[in-house]
Amino acid sequence: RKGVVVVDIDLSIANAIIKETTIFRTGFLRLVSPKGIVIAHRDESRIGKVAPEWASAETASIAEKMAKGEVVTGVYWSESEKAFTSKSFVPVFIGNHPSPFVVGTVVPLAETMDEAYGLLRVVAIVLSLGAVFLVLVIAATGRAIARPIVRTQKALAEIAEGHGNL
């Protein structure tokens, strides 16, 4: 006998979680089927459409790696954000299905770099203040060393001229 078994999975819970999850300030999650169809996304107009990573020849290697169950992370163009973003794709095997579903994250690149840029600014300020402090220390040390030498030179000059007080 041959037959068909249909399993109806309620994705409303997954969709609610994905829709409500925010990564950094504006980043988001999405769930993609093994065939590249967007199952859950914060932008409901994207649901049911082929994810760009499966549709583009430029990003075909991403879909190939995900089909093998590999995690992929990198900087890629986002159609929904219209900007370069930091994306991660994590394969998720459900039941005995041989191909993974994919949970993807999309975060604007600027948001992922904000902390690094902030730290870079702090380091630049500390280095600048350190350089100013170092110049002041060197100047003060130079003056402290030079004053007695100048006084000694003047005293020796006065002695040589016969005006010195011995």
Side-chain angles (χ1 to χ4, degrees), residues 4-143:
V4 176
V5 176
V6 176
V7 177
D8 185 17
I9 300 172
D10 183 10
L11 293 175
S12 63
I13 295 171
N15 204 13
I17 292 170
I18 286 172
K19 205 171 184 179
E20 292 173 12
T21 302
T22 302
I23 303 169
F24 287 92
R25 289 189 311 273
T26 63
F28 59 91
L29 292 172
R30 61 187 177 155
L31 179 63
V32 181
S33 77
K35 294 189 180 199
I37 306 298
V38 177
I39 298 171
H41 196 290
R42 74 172 179 190
D43 179 1
E44 291 184 9
S45 70
R46 316 260 324 148
I47 296 173
K49 295 181 180 171
V50 176
E53 294 77 20
W54 275 262
S56 167
E58 294 174 4
T59 55
S61 66
I62 297 171
E64 290 171 14
K65 288 179 181 177
M66 288 184 283
K68 293 177 187 174
E70 296 178 27
V71 174
V72 179
T73 298
V75 175
Y76 303 101
W77 180 259
S78 171
E79 283 300 315
S80 61
E81 295 294 309
K82 303 291 185 219
F84 281 99
T85 58
S86 178
K87 290 185 178 183
S88 290
F89 305 94
V90 179
V92 178
F93 289 91
I94 298 175
N96 292 330
H97 198 282
S99 299
F101 287 74
V102 175
V103 175
T105 63
V106 180
V107 181
L109 204 52
E111 290 180 27
T112 61
M113 299 303 292
D114 276 349
E115 286 188 38
Y117 290 147
L119 183 60
L120 186 60
R121 282 189 290 276
V122 169
V123 167
I125 290 169
V126 168
L127 283 175
S128 298
L129 291 174
V132 168
F133 178 73
L134 187 61
V135 166
L136 292 174
V137 166
I138 290 172
T141 303
R143 289 184 77 176

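Residue indices begin at 1 and follow the sequence shown. The model shown is predicted, which means the values in this text are computed figures rather than measured ones.
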Do E53 and K87 sit within salt-bridge range, that is, some charged N less than 4.0 Å from a carboxylate O?
yes
Min side-chain heavy-atom separation L109-T85 under 4.5 Å:
no
S78 side, atom OG; K82 side, atom NZ - distance, nearest 0.5 Å:
8.0 Å
Is I18 close to R42 at the side-chain level, that is, under 4.5 Å between some pair of heavy atoms?
no
Determine whether E79 and P52 make a side-chain contact, defined as any pair of heavy atoms from C-beta on separated by less than 4.5 Å.
yes
Taking 4.0 angstrom as the limit, do E44 and K19 come out as a salt bridge?
yes
Check ion pair D114-R25 (N to O, under 4.0 angstrom):
yes
So do the side chains of S88 and V71 get within less than 4.5 Å of each other, counting heavy atoms only?
no
Set of residues satisfying ring-ring contact (aromatic ring centres under 6.0 Å, His included) with respect to F24, sequence neighbours excluded:
none
So do F28 and H41 actually touch side chain to side chain, heavy atoms under 4.5 Å?
yes
Find out whether W54 and V102 are in side-chain contact, i.e. whether some heavy atom of one side chain is under 4.5 Å from a heavy atom of the other.
yes
Greater than 12 external heavy atoms within 6.0 Å of F93's CZ:
yes
Ion pair E81/R46, N-O distance below 4.0 Å
no
Could you check if a side-chain atom of I39 sits within less than 4.5 angstrom of a side-chain atom of I47, using non-hydrogen atoms only?
no
